[in-house]
Amino acid sequence: MQIVKYVFQPHGDERGMLVALEEFKDIPFRIKRVYYMYDTKEGIVRGHHAHRNLEQILVCIHGSCKIHLDNGSETKEVPLEKPYEGLYIANNIWREMYDFSPDAVLMVLASEVYDEKDYIRDYDEFQKFVKEQECQYED
Ligand code: T46
């Protein structure tokens, strides 16, 4: 599984750092939603799902966390700890977020508005979805 990480341009001067993110320039899709999680309790694992259509970029803008990615046949663990790095996650990837430092703020830029129907929360259903997609590409 290929891991796609974006390294954003930090604009630094004597006052400190600033990162700007623009759709289609720094981010490869139209940004329809931004959300972020913070104050995540110790030992918590979030996520446990994939999406039918949604693409996202995750940026740990403060602190650190880890992301588990699963494409149905391979898994990878990706640490996020730099406020200028973004992890791209395609729709058909099962994701879990864990090992949040107490000060972690995980910001997510999403290609679609919130839609519960887009979630695949059952792992067997996810594997079926991935196989169906593979068959579509083979046709
Ligand atoms: C994802 C990972 C990385 C909303 O009302 N609007 C929203 O835009 C979102 C994302 C969530 N919610 C509500 C729904 C739940 O009642 O906030 C609550 C927590 O959401 P959820 O349990 O889905 O959060 P995570 O951390 O498990 O997953 C989230 C995203 O939902 C998901 O798309 O890929 O972060």
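Both backbone and side-chain heavy atoms feed into the values below; hydrogens, waters and symmetry mates do not.
Once rounded to the nearest 0.5 Å, the distance linking SG of C60 with CE of M37 reads 10.0 Å. The distance from atom CZ of R30 to atom CG of L109, rounded to the nearest 0.5 Å, is 14.0 Å. Taking CG from L69 and CD1 from I67, the interatomic distance works out to 7.0 Å, rounded to the nearest 0.5 Å. Here D122 contributes atom CG and Q127 contributes atom CD; the two are 10.0 Å apart, rounded to the nearest 0.5 Å. The structure places CE of M1 at 4.0 Å from CG of N71, a figure rounded to the nearest 0.5 Å. Rounded to the nearest 0.5 Å, atoms CH2 (W94) and CD (E96) are 7.0 Å apart.
R33 places a side-chain N or O within 3.5 Å of a backbone atom of E112 that can act as its donor or acceptor partner. Judged by distance alone, the side chain of K76 and the main-chain N or O of I3 form no donor-acceptor pair under 3.5 Å. A donor-acceptor contact shorter than 3.5 Å links the side chain of R95 to the backbone of H49.
Ion pairing between a basic and an acidic side chain is recognised when a charged N comes within 4.0 Å of a carboxylate O; E55 and K32 show no such pairing. No salt bridge links K25 with E23; every basic N to acidic carboxylate O contact stays at or beyond 4.0 Å.
D26 and Y6 get closest at one heavy-atom pair: O-CD2, 3.9 Å. Of all non-hydrogen atoms in M17 and G12, the two that sit nearest each other are SD-CA, 3.6 Å. Considering every non-hydrogen atom in both V59 and P83, the closest pair reads CG1-O, 3.5 Å. When every heavy atom of N53 is checked against every heavy atom of D118, the shortest pair comes out as N-OD1, 2.9 Å.
Judged as a side-chain hydrogen bond (donor to acceptor under 3.5 Å, both in side chains), the pairs with a partner in residues 57-68 (not counting sequence neighbours) are, in order, K66-D99.
A single hydrophobic cluster is seen to contain both V34 and L21, as judged by linkage of ILVMFWY side chains at heavy-atom distances under 4.5 Å, directly or through other members. The same ILVMFWY cluster, assembled from side-chain heavy atoms under 4.5 Å apart, contains both V19 and Y38. I120 and L54 are not part of a single hydrophobic cluster, where members link through side-chain heavy atoms under 4.5 Å apart. If you chain together hydrophobic residues whose side chains sit under 4.5 Å apart, V108 and I61 never meet in one group.
Residues F100 and I44 form no side-chain contact, since every pair of their non-hydrogen atoms from C-beta on lies 4.5 Å or further apart. No side-chain heavy atom of D115 sits under 4.5 Å from any side-chain heavy atom of R52.
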task = Could you check F126 against Y123 for ring pair (Phe, Tyr, Trp, His ring centres under 6.0 Å), going step by step and ending with a plain yes or no?
result = CA-CA 5 Å; F126 160 68; Y123 191 77; 5.5 Å; yes
request  = Would you please test V7 and Y84 for side chain to side chain contact (heavy atoms under 4.5 Å, CB included) and show each step?
outcome  = CA-CA 6 Å; V7 180; Y84 53 84; 4.0 Å; yes
ask   = Stepwise, does the side chain to side chain contact (heavy atoms under 4.5 Å, CB included) test hold for I57 with L87?
value = CA-CA 5 Å; I57 288 194; L87 173 66; over 6 Å; no
task = Check step by step if side chain to side chain contact (heavy atoms under 4.5 Å, CB included) holds for L106 and Y36.
result = CA-CA 5 Å; L106 180 61; Y36 48 91; over 6 Å; no
inquiry  = Run Y98 and R46 through side chain to side chain contact (heavy atoms under 4.5 Å, CB included) and show every step you take.
reply    = CA-CA 6 Å; Y98 56 101; R46 302 192 65 117; over 6 Å; no
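Through chains of ILVMFWY side-chain contacts below 4.5 Å, Y114 is grouped with Y119.
Exactly one residue among H51, Q133, E132, E134 makes a side-chain hydrogen bond (donor to acceptor under 3.5 Å, both in side chains) with N92. That residue is Q133.
A donor and an acceptor atom, one from each side chain of Q2 and Y88, are nowhere located under 3.5 Å apart.
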